[in-house]
There are 2 protein chains.
Amino acid sequence: MANNNGSNCHLCMQKSDVFKRLNHDELDAVNGCRVTIKYRPGEIIFKQGSPCHDFVCIVSGLAKLYIESECEKRIIIGFAKPVDYIFVPGAFTDKRHHFSAVACEETTACLVNAEVFQNILDNNNAFASAFIKKVSEQAIGMFEQLASLTHKQMPGRIADVLLSLSQKIYNANPFVTSLSRQDLADMSGMTKESAIRILKTFKDDNLIRTDSDTIELLNVPMLETISRNG
Amino acid sequence: MANNNGSNCHLCMQKSDVFKRLNHDELDAVNGCRVTIKYRPGEIIFKQGSPCHDFVCIVSGLAKLYIESECEKRIIIGFAKPVDYIFVPGAFTDKRHHFSAVACEETTACLVNAEVFQNILDNNNAFASAFIKKVSEQAIGMFEQLASLTHKQMPGRIADVLLSLSQKIYNANPFVTSLSRQDLADMSGMTKESAIRILKTFKDDNLIRTDSDTIELLNVPMLETISRNG
DNA sequence: GCACTCCGTTGATATAAATCAACAGAATAA
DNA sequence: TTATTCTGTTGATTTATATCAACGGAGTGC
């Protein structure tokens with residue numbers, strides 16, 4: 001895994017609201033200590049509980065972020081897609097990862113030394129502001145997920161997952177996904193079997209169409225109604 | 001509700017890790033635009049969906065923060081106690097409140113103009129860093145709550161609530177609380193009736209003791225075991 | 001005084017969802 | 001090739017939890 005192969009920070013800078021705030025020197029600092037790594041599907045980028053030394057920026061592919069409990073259950077709390085770094089709250093507190101990140105498909109990530117990142121954050125107000133904005137958006141997303149998981153029944157939760165995948169993750173309507181049924185279940189807080197059953201009722205009602213890894217939402221308004229009604 | 005009655009910012013500064021980072025001028029700016037308000041139990045400090053013009057700092061009492069869904073259900077996502085401001089993610093995004101804050105008991109809050117607050121955040125790196133640290137801690141707390149609510153059964157969730165109240169909110173073991181059974185249920189994602197039933201089994205097993213508004217944890221290790229086992 | 005609402009409590013019943021079990025197909029390893 | 005593991009799927013059964021209903025007590029307003 002060589003350093004600085006493929007992309008460089010100046011390319012990413014154009015694509016990311018947050019990295020736009022970096023000046024030339026800061027970008028050089030990041031570029032200088034940056035390590036690019038390719039992950040294959042299923043490979044762990046970082047593991048819950050492990051120390052966090054680096055900030056991770058996803059350059060290509062898709063990573064899922066999930067919490068694992070003692071009881072072997074997982075809950076997917078979000079995704080990281082290009083070009084975005086992963087907000088690691090532990091980096092600012094106990095220097096531990098509080099969730100795991102795993103590549104869903106072939107994924108490239110840049111690792112940036114946490115101290116370098118922290119240093120920029122401490123000195124560049126615009127960057128810090130953009131960072132806080134991003135963290136705020138993520139917090140709001142967590143609120144929505146928490147409300148969905150605790151207040152809605154399974155059809156509403158699956159509707160939420162499908163709408164979120166189409167509108168926030170893939171930004172497409174027939175979308176091709178690398179997520180398994182288990183992943184969909186982990187997003188919606190249910191078992192794989194239950195997720196499959198709900199998807200089947202949606203298919204029977206012509207709300208969606210699935211074909212191997214492709215999912216198409218045929219009736220978005222109805223899915224939104226199901227989401228609202230819980 | 002007059003301005004600047006009772007406390008002043010210099011007192012709060014000593015009690016809050018975050019406000020310690022403010023210099024004299026910044027503190028004066030905050031002090032100058034600050035409005036102090038007393039809320040009675042049950043009164044709304046701010047309401048989900050409403051525009052957020054001010055940052056809220058709790059000076060005395062206790063406020064509960066909760067998300068309300070369309071289906072009339074609530075989930076308490078945290079508390080604010082003295083001296084702490086409430087992190088309002090909407091202030092950095094869509095200028096709307098994404099959860100409601102309600103006084104649990106007689107509560108005093110200082111409202112600080114959001115622009116003044118934002119201005120300090122943009123210019124004081126140490127303050128911004130402390131802010132990010134606080135937000136990170138809150139995010140980690142949300143992860144734990146999400147895992148508790150989605151992966152544990154009712155006894156584990158109630159154990160989590162009791163331990164959290166004793167160890168994080170009240171910092172006392174027999175503690176006197178102003179929270180209703182409904183509030184405990186809203187913290188643990190279940191109905192009031194279910195919460196009461198679990199509390200009863202805990203009482204029957206001599207894990208806790210309750211006397212009107214007082215709750216005492218008699219067997220913390222066992223409660224922790226119940227929490228771990230879900 | 002009385003009516004009324006809110007909170008805490010308990011029991012009976014209904015139901016959403018997990019668990020258990022089985023199997024087919026695809027992918028992977030030996 | 002065969003064996004083996006993982007994913008997707010379906011059905012039968014169990015169970016955790018919500019819902020419904022009822023009641024006593026405390027507080028509040030009239």
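Because only heavy atoms are used, hydrogens play no part in the values below, and waters and symmetry mates are left out as well, while side chains stay in. Below, chains carry the letters A, B, ... as their sequence lines are ordered, and counting in each starts from 1.
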#### Entry: Nucleotide C:dA17, atom C1' - distance to NZ of A:Lys73 in whole Å
11 Å

### Message
Has B:Asn173 got a side-chain atom pairing as donor or acceptor with B:Leu217's backbone, closer than 3.5 angstrom?
### Response
yes

### Task
Could you identify which residues of residues 145-155 of chain B place a heavy atom less than 4.0 Å from some atom of DNA chain C, listed by residue number, or say none?
none

Identify each atom pair where a protein N or O and an N or O of nucleotides 4-11 of chain D are less than 3.5 Å apart, giving names and distance.
unit_1: D:dG8; atom_1: OP1; unit_2: A:Arg181; atom_2: N; d: 3.3
unit_1: D:dG8; atom_1: OP2; unit_2: A:Arg181; atom_2: N; d: 3.0
unit_1: D:dT9; atom_1: OP2; unit_2: A:Arg181; atom_2: NH1; d: 3.1
unit_1: D:dG11; atom_1: N7; unit_2: A:Arg197; atom_2: NH1; d: 3.0
unit_1: D:dG11; atom_1: O6; unit_2: A:Arg197; atom_2: NH2; d: 3.3

### Query
Base, backbone or nothing for each nucleotide of nucleotides 25-30 of chain C, written B, S, -, heavy atoms under 4.0 angstrom, 5' to 3'?
------

### Heavy-atom check, side chain of B:Asp160 versus side chain of B:Ser188, under 4.5 Å
no

### Query
Aromatic ring centroids of A:Phe46 and A:His97 under 6.0 Å?
yes

## Note on the structure
Taking five pairs at each terminus, the helix from C:dG1-D:dC30 to C:dA30-D:dT1 shows an axis bend, to 10°, of 40°

### Query
Can you tell me if B:Glu68 uses its side chain to pair, donor with acceptor, with the backbone of B:Ser100 under 3.5 Å?
no

#### Entry: B:Ile75 and B:Asp186, any side-chain heavy atoms less than 4.5 Å apart
no

### Message
The criterion is side-chain hydrogen bond (donor to acceptor under 3.5 Å, both in side chains); which residues satisfy it with A:Ser194, sequence neighbours excluded?
### Response
A:Thr191

### Task
Give a yes or no answer on whether the side chain of A:Gln145 reaches the backbone of A:Ile76 with a donor-acceptor pair at less than 3.5 Å.
yes

### Query
Taking atom C1' of C:dA16 as reference, at what distance in whole Å does atom CG of A:Asn229 sit?
17 Å

### Query
Using the ring of each side chain (for Trp, its six-membered ring), is A:Tyr85 parallel, tilted or perpendicular to A:Phe131, with breaks at 30° and 60°?
parallel

### Query
In chain order, what residues pass the ring-ring contact (aromatic ring centres under 6.0 Å, His included) check against B:Phe55, with sequence neighbours excluded?
B:Phe117

### Task
For A:Thr107 and A:Leu62, indicate whether the former's side chain and the latter's backbone hold a donor-acceptor pair under 3.5 Å.
yes

### Query
So, are A:Glu144 and A:Lys168 salt-bridged, with charged N and O less than 4.0 Å apart?
yes

### Message
If the cut-off is 4.0 Å, is A:Ser194 near the phosphate of C:dA17, judged by side-chain N/O to OP1 or OP2?
### Response
no

### Query
Rounding to a whole Å, what distance do you find between A:Ile158:CD1 and C:dA17:P?
11 Å

### Query
Please give, in whole Å, the distance from D:dA16 C1' to B:Met190 CE?
11 Å

### Message
Could you check whether B:Lys134 pairs with B:Asp84 (Lys NZ or Arg NE/NH1/NH2 to Asp/Glu carboxylate O, under 4.0 Å)?
### Response
yes

### Message
A side-chain contact here means heavy atoms from C-beta on lying under 4.5 Å apart; do A:Asn206 and A:Asn219 qualify?
### Response
no

